[in-house]
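Accompanying notes for the structure given below.
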Number of protein chains: 2
Amino acid sequence: MSMNQNYHRATPSLHYTNINPQVIKAEYAVRGEIAIRADHYAKKLAAGERLPFNSIIACNIGNPFAVGKKAIKFPRQVLSCVENPDLLQSKDIPEEARARAAEVLKHFPAGMGAYTHSQGFDFVRNSIAEYIKQRDGGAPSMPDKIFITSGASAAVTAILTMIISNPNCGIMIPFPQYPLYTAEIALRNGRVVPYYLKESANWSLDINELNESYSIAQKAGVNMKAIVVINPGNPTGSVLTAQEMRSVVEFCEQNNILIIADEVYQFNTYNPEKPFISFKQIVTEMKSGVQLISLNSISKGFMGECGHRAGYMELFHIPEDVQAQFYKMASVQLCSNTVGQIILDIMCRPPQSDECKKQYIEERDGELNNLKVKSQRLLKCINSLPGLNCQPADGAMYLFPSIHLPLKALEAAKSVRINGKHIAPDMFWSLQLLDETGIVVVPGSGFGQVPGTHHFRTTFLPEAEEMDAVIDRLTKFQNQFMDKYT
Amino acid sequence: MSMNQNYHRATPSLHYTNINPQVIKAEYAVRGEIAIRADHYAKKLAAGERLPFNSIIACNIGNPFAVGKKAIKFPRQVLSCVENPDLLQSKDIPEEARARAAEVLKHFPAGMGAYTHSQGFDFVRNSIAEYIKQRDGGAPSMPDKIFITSGASAAVTAILTMIISNPNCGIMIPFPQYPLYTAEIALRNGRVVPYYLKESANWSLDINELNESYSIAQKAGVNMKAIVVINPGNPTGSVLTAQEMRSVVEFCEQNNILIIADEVYQFNTYNPEKPFISFKQIVTEMKSGVQLISLNSISKGFMGECGHRAGYMELFHIPEDVQAQFYKMASVQLCSNTVGQIILDIMCRPPQSDECKKQYIEERDGELNNLKVKSQRLLKCINSLPGLNCQPADGAMYLFPSIHLPLKALEAAKSVRINGKHIAPDMFWSLQLLDETGIVVVPGSGFGQVPGTHHFRTTFLPEAEEMDAVIDRLTKFQNQFMDKYT
């Protein structure tokens with residue numbers, strides 16, 4: 001077959017130099033080079049190979065179950081019944097869980113195998129709206145303004161798809177940020193307009209910085225569409241005050257831009273003086289007409305149910321004809337998965353019976369307290385080490401320490417290339433950490449940082465023994481690293 | 001607060017005329033105007049209001065559980081255990097299901113709450129590769145070329161994102177087609193290049209039509225990137241022969257374009273003379289180097305587990321550096337949900353014990369036979385009615401009858417507008433069907449059809465009683481419709 005043989009010699013249809021260049025531009029450090037190398041090491045360890053460490057500890061991603069978290073039982077009990085209704089009478093499952101499962105199946109007789117409404121189950125959106133109302137001191141929330149999505153990430157994708165209408169559209173992003181934002185903006189050929197958080201003031205948001213960043217971008221011809229605020233902060237762990245939030249709302253009113261409030265860590269606050277306040281509540285209290293889309297997720301908080309992929313966005317002050325376009329785009333992908341939706345329902349409407357409520361509250365509070373304790377333990381370790389310095393986390397699941405790299409280390413970093421490209425100095429540090437200890441973190445350069453500064457992001461999720469290992473290995477590593485390069 | 005009051009008067013930041021125009025252009029008929037109106041009627045019925053019908057019957061979407069399907073038990077039994085490992089010892093669950101659950105948790109000790117690898121669980125990709133190998137007569141399949149996605153729709157999105165690099169990029173799409181394709185191409189500002197299937201020859205694929213369509217597009221300056229083939233066909237129900245498939249492969253070799261093989265109905269064939277053959281098998285047998293991406297799903301076939309959102313794509317002859325870009329984009333959305341992945345595993349690696357295997361096979365074969373019987377029953381009804389004419393379905397879940405609209409009906413259709421816009425004649429017919437019978441179908445104009453012809457797509461999914469109602473209501477409606485307009 002000579003034609004086939006000819007074909008084999010031709011350049012294939014799809015090749016690196018003719019794919020969408022925006023895909024190539026998009027970068028996502030959390031599962032980038034370091035994660036791939038860690039995978040590689042994990043496979044070697046599993047095959048019995050000897051490495052300088054005996055386990056990989058994944059501190060690169062907010063994935064609590066991967067580092068020892070136990071599931072909150074009630075949602076799992078309900079799920080076992082809705083998936084397998086033969087268990088609705090099983091004595092192996094508590095009564096309230098079975099009753100809740102029966103209620104779900106009454107609302108949705110087709111069961112877990114059917115597509116739901118493109119915005120998600122009606123009854124789950126009712127629970128979410130009720131949760132939001134309670135959370136925000138009674139401000140109304142409408143189920144029909146809520147879209148359940150396949151994780152909050154899918155909501156971000158939907159929003160950016162909607163608002164980036166040409167390459168001139170700008171989105172203000174906190175630096176450091178969660179790199180989903182810069183990746184998805186790059187993919188849509190929009191313009192990232194960074195505003196830097198103030199590390200020295202515990203990564204707080206500075207309104208002067210917002211104004212300055214905005215006016216520089218405006219002079220450069222950017223048509224600003226929205227600002228992303230991540231609160232509690234990822235990767236910074238900072239929590240905004242009501243005063244900071246009001247200044248953001250006023251800024252958005254003045255400049256007529258949308259607020260995208262990434263509030264997926266709203267349950268994760270650890271400092272009683274810095275409680276979580278939602279943007280919806282602030283906008284409502286100010287009687288502002290500013291447009292707002294708020295995000296939440298089951299992947300974070302105390303549930304940590306990342307693998308079940310569910311989140312939601314609530315539209316506020318978004319015109320109906322724009323909402324209809326969100327609906328249409330949601331319907332092209334049909335709906336988010338049913339199981340995640342049920343967990344969302346339970347997160348917003350926890351169990352009430354004596355039997356299940358007590359356990360649920362113990363698990364929830366235990367988890368949140370545990371996160372706080374682990375955060376403080378890791379912070380103390382990091383701040384005791386030479387060359388590292390870290391702000392405390394008032395919220396979220398991460399620490400974002402700065403690394404003071406000695407000149408010799410900066411020089412050494414310059415000589416390393418990956419895939420032919422020079423690497424950032426904090427990538428150099430993070431790769432050495434991985435190679436020598438098996439600890440996986442993400443270099444600060446993947447999140448955005450003030451030029452000339454270096455950081456890394458680590459979760460504080462590992463449970464007891466794994467956290468011991470992190471502290472032990474990191475301490476040894478950093479002391480040796482500083483000895484070697486000073 | 002005068003500033004806030006001023007703000008209220010300003011044009012909001014996000015409004016219909018400044019959102020992404022490609023979003024507005026995208027159309028998705030399956031959940032469009034008709035589905036919205038049907039929702040509205042369903043709410044009225046639920047509130048006790050009287051309408052000309054007492055139920056909505058959703059024949060607009062391949063969503064088997066919504067119209068009476070029962071779940072295949074084994075996957076649900078496994079799921080109940082992996083979600084709630086307290087049940088690993090429960091006597092209420094068969095032994096093999098518990099053993100399978102234990103195996104899953106051994107492979108993935110973190111359990112269902114953790115993110116998986118961005119391409120999906122390793123062990124599930126192994127099962128998929130083994131299934132593909134068996135299906136294709138032993139041709140090798142590599143787990144690392146498989147990406148598990150949140151339904152096959154998400155795979156289509158990923159592929160189109162990758163290949164549409166500028167507004168000149170063309171994708172050949174069968175007309176009629178599943179409107180996900182035109183919607184996602186419109187969203188990315190690519191060019192839809194239709195090739196028409198031959199209705200008179202049971203919607204078969206005509207190679208001359210492919211060549212003609214290609215050369216017209218080429219003269220118009222289109223840079224053709226890929227061809228989508230849906231086999232078994234949606235909405236047509238046709239199944240390709242090996243000869244037709246070989247001619248498609250040769251066409252793609254000649255023109256150096258990628259094949260996107262949408263094979264989500266691969267289990268759904270009803271004519272022993274038209275078995276399903278995969279494009280992977282044909283490309284392999286021909287020793288062709290043509291590039292191919294094949295799709296499959298748990299939403300269709302005999303599982304019908306739409307709500308669990310899982311599918312996969314297999315890359316064949318795609319360069320590694322392009323695959324790395326697919327991986328990066330998958331990782332931005334982290335992973336598809338764990339539960340759907342487990343169902344995929346079971347679809348590809350069914351139970352083996354006496355206890356579970358027999359039931360599984362009975363359920364599977366019963367479901368497939370049931371689909372065949374229902375398809376024939378509905379076909380017979382449609383072909384007995386005046387003004388309707390339908391090809392039989394050799395596969396998939398749909399019939400796509402043509403509607404011969406009398407002149408008076410065409411005139412009447414011209415006077416109807418929705419949201420200020422004229423509607424297609426088959427939309428007029430479908431809306432009347434809904435208004436008078438509660439049956440929800442999708443007008444052919446949403447799928448693409450030869451200009452001047454009119455069709456509708458209906459699933460043949462409704463179970464016994466509901467199918468009786470469909471046949472009864474449709475018969476009455478169509479007779480009256482023809483009386484009224486002839």
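Below, chain A is the first sequence line, B the second, and so on; all start at residue 1.
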Please identify each residue that fulfils side-chain contact (heavy atoms from CB on, under 4.5 Å) with B/His15, with sequence neighbours left out. B/Thr11, B/Pro12, B/Thr17, B/Asn18
Contact part of B/Asn223 toward chain A, heavy-atom cut-off under 4.5 Å: side chain, backbone, both or neither? neither
Does any heavy atom of chain B fall under 4.5 Å from the side chain of A/Tyr178, the backbone, both, or neither of them? side chain
Under a 4.5 Å heavy-atom criterion, the part of residues 62-69 of chain B in contact with chain A comprises B/Gly62, B/Asn63, B/Phe65, B/Ala66
What part of B/Val78 lies closer than 4.5 angstrom to a heavy atom of chain A: side chain, backbone, both or neither? neither
Largest heavy-atom contact set with chain A, pairs under 4.5 Å, which of B/Ser118, B/Pro109, B/Ala183, B/Pro21: B/Ser118
Mind checking side chain to side chain donor-acceptor pair (under 3.5 Å) for A/Gln323 and listing every partner two or more places apart, or none if nothing turns up? A/Lys145
Sidechain N-carboxylate O distance under 4.0 Å for A/Asp86, B/Arg76: no
Contact leader toward chain B among A/Gly304, A/Ala71, A/Pro75, A/Cys306, where contacts are heavy-atom pairs under 4.5 Å: A/Cys306
According to side chain to side chain donor-acceptor pair (under 3.5 Å), who are the partners of B/Asp92, at least two apart in sequence or on a separate chain? A/Ser90
What residue in B/Pro85, B/Ala226, B/Ala154, B/Gly151 has the most heavy-atom pairs under 4.5 Å with chain A? B/Ala154
For B/Glu320, is the CD atom crowded, meaning more than 12 foreign heavy atoms sit under 6.0 Å from it? no
Atom group of A/Ile343 that falls short of 4.5 Å from chain B, counting heavy atoms: neither
For A/Ser13 and B/Ile257, the nearest pair of non-hydrogen atoms, with its separation, is OG-CA, 3.6 Å
Nearest heavy-atom approach of B/Val322 to A/Tyr16 is CG2-N, 3.5 Å
